[in-house]
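In what follows, a structure is listed as structure tokens, so that the remarks can point back to it.
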Amino acid sequence: MPDNQTQKATAKQNGQSKDLDALIIGAGFAGMYALHSLREQGLSAKVYDAAGGVGGTWWWNRYPGARVDFPGGPFYCYTFSEELVQEYDWTETQPDQASVLAYLEHVADKFNLRPDIQLNTRVSGAEYDEASKRWKIETGEGASVSARFLICAVGVLSATNKPDIPGLDIFAGECYHTGQWPHGQVDFAGKRVGIIGTGSSGIQAIPVIAKEAEHLTVFQRTPQYSIPAGNQAIDADVVQKARDNWPTIRTYMMNSSLGAPFPGAQISSEEHTADQRQALYQRLWDKGGLGLLFESYTDILTNKETSNELGAFVRSKIGEAVHDPAVAEKLMPDYYFGTKRLIMDEGYFETYNRDNVTLVDLRQDPIDTMTPDGIRAGNEEHPIDILVLATGYDAITGAMERINPRGRGGVTLKEKWADRPGTYLGMTVPDFPNLFMIHGPESPAVLFNMPLGAELQSDWIRDCVTYMDEQGFAAIEPTSDAVAVSWGQEVDAIASHTLFPETDSWYTGANIPGKNRQFAVYLGGPEFYERLAKVAEEGYTGFDLKQ
Ligand code: N01
């Protein structure tokens, strides 16, 4: 976190109001590219970010073990600049947090983005002024700026979820959330560590912390499917081939279901015998990475039997990895395979064979309270010096709702989204003219390559702004029909053919007490981008444009 002096200096420096074409919130992959894209178009744009550096999620998530969980290297990064692809060397297929952050810092320098990125600046509010057709954006430091367009690149997974655990405030030890990890070294040596949460963050952190700490107690609410990450040194031949054929590879990724450089599953499970299916699961398990879910069968996420069969395969692997059958039993997931974000690990289940690791099953022994010295769960005391909250995020909508912009007539986004976070194309909301979200609710977001998706959405916004300027329009917003009837129904219809809505997950909002349940991700993959192109070609159908 920035210290008081830094905050005051930033506030002083930015004391006067400024007028911009676009104010972008967030200096992660999406916001940095949006800045580049708009500036290239000759627009004046600035980025505000609460962090002390560029990088977004990769600036905040410094917890031990944090890594990319997507086919990485030259594929989980910007694709727009061939020069960047040719010059930047990645070393691992699943780069660690420091490598991704170093890359984003390199990009910020290469494209001279830093002069237009204002750090240590948290947007505290934004209000649309109907008369001037501009947004007034306010910061926590007391400054304000006016912009024609408000572009929210705030992240799908950035509003941290700190659960309401009784007695958390009386715990006397150190306490860290994985999504707001301190910048200095957290020293686990000789310490008794407790970790709550076994999602991607917890499962990446647990094997690393277990090696350093005197003792690690894992508090698990829902057992999870996790598969070997298969991280390895980048194959120089693969990189060279990608570099030699970059425009083709890029087009291929744009048209693949995940935005990835592989085709995805081609056949249904019914086309194989049970033995052939087991052999394929084994081959993809050995290979590691997302292939088990996305390169096996087309019906894993739609057919309960196939999903359960693959789930049973992974449970058998958990049984093989964990020596104590009672511990293994507690680690067995029971939801449809793949309907929570699939986790990739490096030796997670094997970690429970260590003498210094204890698993507490919160379904059996819920947390009673924190005490000054630890956690009491199921009437048992677990002494702890350091508590790690790997408890995730108020995902998809949380970061937008924390800013809670006011649109036409003073309506707030929270009011607008009281029943459902309705959007048109995952990017726009009625009564919020000239506000665009990148990776917003009902966009493909995390179920498509996020850096690539951010580029494509930013380019669409840039082209929309250019169109408005050419045609003399000052304001754009979606019609209510386009949101509720056209887009909302389509998002729901696609999701209803899958098993995703059946599982409690952050995709559905079920991880946050009181949050409305809705599967808020568009599952059509590359069709999303075809749709964006079509809407633009047809003169922005579904939108009201005003002079
Ligand atoms: O968060 P999560 P995450 N008491 O919500 C538990 C991305 N990511 O930070 O399942 C006890 O998945 C909760 O339990 P349950 C990735 O998309 C990417 O781990 O709700 N437990 C769960 O076990 C990922 O999916 C990378 O029952 C409580 C855990 O906390 C997403 O971020 C790395 C609780 C939260 O898991 C989020 O992952 C890391 C409570 N009150 C993350 N509240 C990459 O590699 C919550 N939990 C790129």
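Position 1 is the first residue of the sequence, and the numbers go up from there. What's counted below: heavy atoms across the whole structure, side chains too, no hydrogens, waters or symmetry copies. If you're wondering where the values come from, they're calculated on a predicted model, not measured in any experiment. First listed ligand is number 1; within each ligand, the first listed atom is number 1.
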> Non-hydrogen atoms of Met344 versus ligand 1: any pair closer than 4.0 Å?
Replying inline: no
> For Asp419, does the CG atom sit with more than 12 other heavy atoms under 6.0 Å from it, leaving out its own atoms?
Replying inline: no
>> Heavy-atom pairs closer than 4.0 Å: do any link ligand 1 to the side chain of Leu362, the backbone, both, or neither?
In response: side chain
> When you measure from atom 15 (P) of ligand 1 to every protein heavy atom, which one gives the shortest distance, and what is it?
Replying inline: Thr222 OG1, 3.4 Å
>> Is the positively charged end of Arg62 above the ring of Trp59, judged by distance under 6.0 angstrom from the centroid and angle within 45° of the axis?
In response: yes
>> One pair to check against salt bridge (charged side-chain N to carboxylate O under 4.0 Å, His left out): Glu455 and Arg250. What are the steps and the verdict?
In response: CA-CA 12 Å; Glu455 286 178 2; Arg250 184 173 192 242; 3.0 Å; yes
> Closest non-hydrogen protein atom to atom 37 (C) of ligand 1, residue and atom name please, with distance?
Replying inline: Trp506 NE1, 3.7 Å
> Should we say atom NZ of Lys211 is surrounded by more than 12 heavy atoms from elsewhere, each under 6.0 Å from it?
Replying inline: no
>> Taking the six-membered ring for Trp, are Tyr103 and Tyr76 closer than 6.0 Å centroid to centroid?
In response: no
> For atom 7 (C) of ligand 1, which protein heavy atom lies nearest, and how many Å away is it?
Replying inline: Leu157 CD1, 3.6 Å
> Going by the order shown, which atoms of ligand 1 are within less than 4.0 Å of some heavy atom of Gln204?
Replying inline: 33 (C), 45 (O)
>> Between Asp286 and Lys317, does any side-chain N to carboxylate O distance fall below 4.0 Å?
In response: no
> Considering only the protein, which heavy-atom contact is closest to atom 40 (C) of ligand 1, and what is its distance?
Replying inline: Arg221 NH1, 3.4 Å
>> Please work out, at 4.0 Å between heavy atoms, whether the side chain, the backbone, both, or neither of Ile196 comes within that distance of ligand 1.
In response: side chain
> What part of Ala390 sits under 4.0 Å from ligand 1 if we count only heavy atoms: the side chain, the backbone, both or neither?
Replying inline: backbone
> Which ligand 1 atoms does Tyr393 reach within 4.0 Å, using its non-hydrogen atoms?
Replying inline: 9 (O)
> Hey, is Arg67 touching ligand 1 through its side chain, its backbone, both or neither, going by heavy atoms under 4.0 Å?
Replying inline: backbone
> Parallel under 30°, tilted from 30 to 60°, perpendicular over 60°: which one fits the rings of Tyr78 and Tyr33?
Replying inline: tilted
>> Just to be sure I read this right, does ligand 1 sit under 4.0 Å from the backbone of Gln220, its side chain, both, or neither, counting only heavy atoms?
In response: neither
>> Ignoring hydrogens, what is the shortest heavy-atom contact between Thr339 and Thr503? Give both atom names and the distance.
In response: OG1-OG1, 2.7 Å
>> Starting from atom 33 (C) of ligand 1, what is the nearest protein heavy atom, named by residue and atom, and what distance separates them?
In response: Tyr63 OH, 3.1 Å
> Hey, what's the ring geometry for Phe500 with Tyr507, parallel, tilted or perpendicular (30° and 60° as the breaks)?
Replying inline: perpendicular
> Which protein non-hydrogen atom lies closest to atom 23 (O) of ligand 1, naming both residue and atom, and how far is it?
Replying inline: Thr198 N, 2.9 Å
> Taking distance alone, with no angle check, do Trp58 and ligand 1 share an N/O pair under 3.5 Å?
Replying inline: no
>> Looking at ligand 1, would Thr178 count as a contact under a 4.0 Å heavy-atom criterion?
In response: no
> Ion pair present between Arg420 and Glu442, side-chain N to carboxylate O less than 4.0 angstrom?
Replying inline: yes
>> Do the side chains of Asp504 and Arg221 get close enough for a salt bridge, i.e. N-O under 4.0 angstrom?
In response: no
> What is the nearest protein non-hydrogen atom to atom 41 (N) of ligand 1, stated with its residue, atom name and distance?
Replying inline: Pro163 CB, 3.2 Å
>> How far is atom 19 (O) of ligand 1 from the closest protein heavy atom, and which atom is that?
In response: Ser201 N, 2.8 Å
